Every structure is written in structure tokens, then in C-alpha cells.
Enquirer: 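This is the structure I have questions about; it appears just below.
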Amino acid sequence: MRLVFVGPPGAGKGTQAKVVCQRFGVPQVSTGDMLRAAKAEGKLPAELVAKMSAGGLVPDEVVIGLIDGRTLEADCADGFLLDGFPRTSPQAEALDSLLSSRRQSLDAAIALQVPFDLLMERAILRRTDKRTGQIYHLKYKPPPPDAELETRVDDQEDVVRHRLATYEKMTAELLPYYEARGMLKRVDGVGDVDEVSKRIFAALSAS
Ligand code: AMP
């Protein structure tokens with residue numbers, strides 16, 4: 001199963017990606033996580049760190065390179081779920097040619113759809129426990145009292161607005177790209193985690 005997950009920041013992409021990956025036994029490949037890991041190790045050039053912190057996109061060739069290398073690793077042999085990639089149509093094209101050079105193809109692109117106001121609330125109140133990596137939400141999934149919470153720098157309100165605007169531009173390119181190829185599955189992302197997961201599995205089995 002080779003999947004692409006398209007969803008705005010705060011749509012629950014990360015959470016749903018974990019459920020889907022567990023079901024299909026494939027790894028979740030997140031360019032955001034890979035970039036944050038590179039940044040934490042001090043391996044990300046300063047100009048890219050600045051772009052990320054401001055909620056902008058890093059250049060296509062950087063993320064394409066990351067995906068190229070990561071999807072060749074052994075755990076991706078039976079498939080993968082791409083989370084946060086592609087974000088532009090050049091990235092989508094690069095992914096297609098990368099896969100076809102390996103005689104592979106994507107099975108589906110899942111677009112998680114959530115209204116703007118809810119996205120703002122979800123992202124702004126999102127917190128991570130820095131010891132466990134577990135993601136909480138101050139309103140919908142309160143953390144335990146002993147959690148050591150941190151807020152992603154790009155979850156600050158003005159940055160979230162910018163990330164959402166960037167996302168709007170991106171979907172304006174990407175959704176038609178996958179729609180034209182008959183691969184797009186639009187899934188309503190409003191509801192509890194199980195409900196949304198069921199919709200995703202239903203959409204995938206309808207293909
Ligand atoms: P995410 O965790 O997917 O929201 O990604 C966090 C940040 O990493 C984004 O705001 C971008 O700065 C950068 N990033 C992640 N994936 C990509 C991508 N496919 N193309 C460009 N920038 C990306």
C-alpha cells in the first residue's frame with residue numbers, strides 16, 4: 001500500500017496516519033518529522049530552519065531528496081504512507097517519476113478535510129509531551145498532569161495562519177493533480193479519531 005496523506009496543519013493527519021500505518025503494516029514517512037529531526041541534530045542549514053520556523057516551505061529538491069532516500073529503506077519495501085509530502089505539484093511529479101523508475105505507483109491520495117476555524121483551534125491548542133512524543137490537545141485530549149508539554153514553534157497563531165494559507169495554495173495545485181489521476185479520496189476529517197479512521201478505510205476499500 002503506497003499512500004499520500006494530504007491535510008492542512010491540525011487536520012489530524014499525524015494521528016490518522018498512525019492508525020492507517022498500523023492497519024497496513026507500513027511506515028509513516030513524514031517530511032516534517034524528518035526536517036525537525038535534522039534540525040534537532042544541527043544538520044539543517046540555518047536558512048531552512050528559518051523557513052520552517054516561519055511556516056514557509058523548504059525547497060522542493062530538499063524534501064524530494066529526503067523522500068528518495070527514505071523510501072528506499074528496507075521497511076518501505078511493502079509500501080509507506082507519506083505524510084506532509086508532496087506539498088507542491090513539482091513534488092507530486094517528482095514522486096511519480098521516482099516511483100515509476102522503480103516500477104511502482106501510488107495507490108491513493110487521501111485528503112482530510114476540516115474547516116478553517118476548527119483547524120486554528122486544533123493547532124493552537126496542540127501540545128507535545130517532550131519525553132514521550134505523545135501529542136495532546138488542551139481541549140479535546142487533555143494531557144496527564146505529569147506531562148512535560150511543549151508547543152511546536154510553528155503552532156503559534158500567526159504562524160498557523162501562514163501555514164494554513166500556504167496549505168490552501170498547495171491544495172489548489174495538488175488536489176486537481178490527484179483527482180485527474182483518479183487517485184483522490186476526500187475524507188471528512190471532523191469527528192473523533194475512530195470515526196475519521198473508519199471513513200478513511202471505507203474510502204480506501206471503495207477503490
Ligand atoms: P509538517 O510537520 O508537515 O507541518 O511540516 C513542518 C514544516 O516542515 C513545514 O511548515 C515546512 O516548513 C517543512 N516541510 C515539511 N514537508 C515539506 C514539504 N513536502 N515541502 C516543503 N516543506 C516541507
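Scope of the values below: all heavy atoms of this structure, side chains included, with no hydrogens, waters or symmetry mates. Atoms within each ligand, like the ligands themselves, are counted from 1 in listed order. Computed from a predicted structure; not experimentally measured.
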Enquirer: Between R70 and E73, does any NZ, NE, NH1 or NH2 come within less than 4.0 Å of an OD or OE carboxylate oxygen?
Expert: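 Yes, E73 and R70 are salt-bridged.
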Enquirer: If hydrophobic clusters are built by linking Ile, Leu, Val, Met, Phe, Trp and Tyr wherever their side-chain heavy atoms come under 4.5 Å apart, do L35 and L57 end up in the same one?
Expert: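 Looking at the clustering, L57 is in a separate group from L35.
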Enquirer: Salt bridge or not between R161 and E157? Use side-chain N to carboxylate O under 4.0 Å.
Expert: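 A salt bridge links R161 with E157.
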Enquirer: Might you list the protein residues in contact with ligand 1, defined as having a heavy atom under 4.0 Å from one of its atoms, sorted by chain and number?
Expert: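 Close residues (ligand 1, cut-off 4.0 Å): T31, G32, L35, R36, M52, G56, L57, V58, V63, G84, F85, R87, Q91, R152, D154, R163.
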Enquirer: Just to verify, what does R36 make a salt bridge (charged side-chain N to carboxylate O under 4.0 Å, His left out) with, not counting sequence neighbours?
Expert: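 Testing R36 for salt bridge (charged side-chain N to carboxylate O under 4.0 Å, His left out), a comparison that skips the adjacent residues, returns D33.
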Enquirer: May I ask you to test the L72-R102 pair for a side-chain heavy-atom distance under 4.5 Å?
Expert: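 Yes, side chains in contact.
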Enquirer: Going by atom types only, do Q134 and D129 share a side-chain donor-acceptor pair under 3.5 Å?
Expert: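 No, D129 and Q134 have no side-chain donor paired with an acceptor closer than 3.5 Å.
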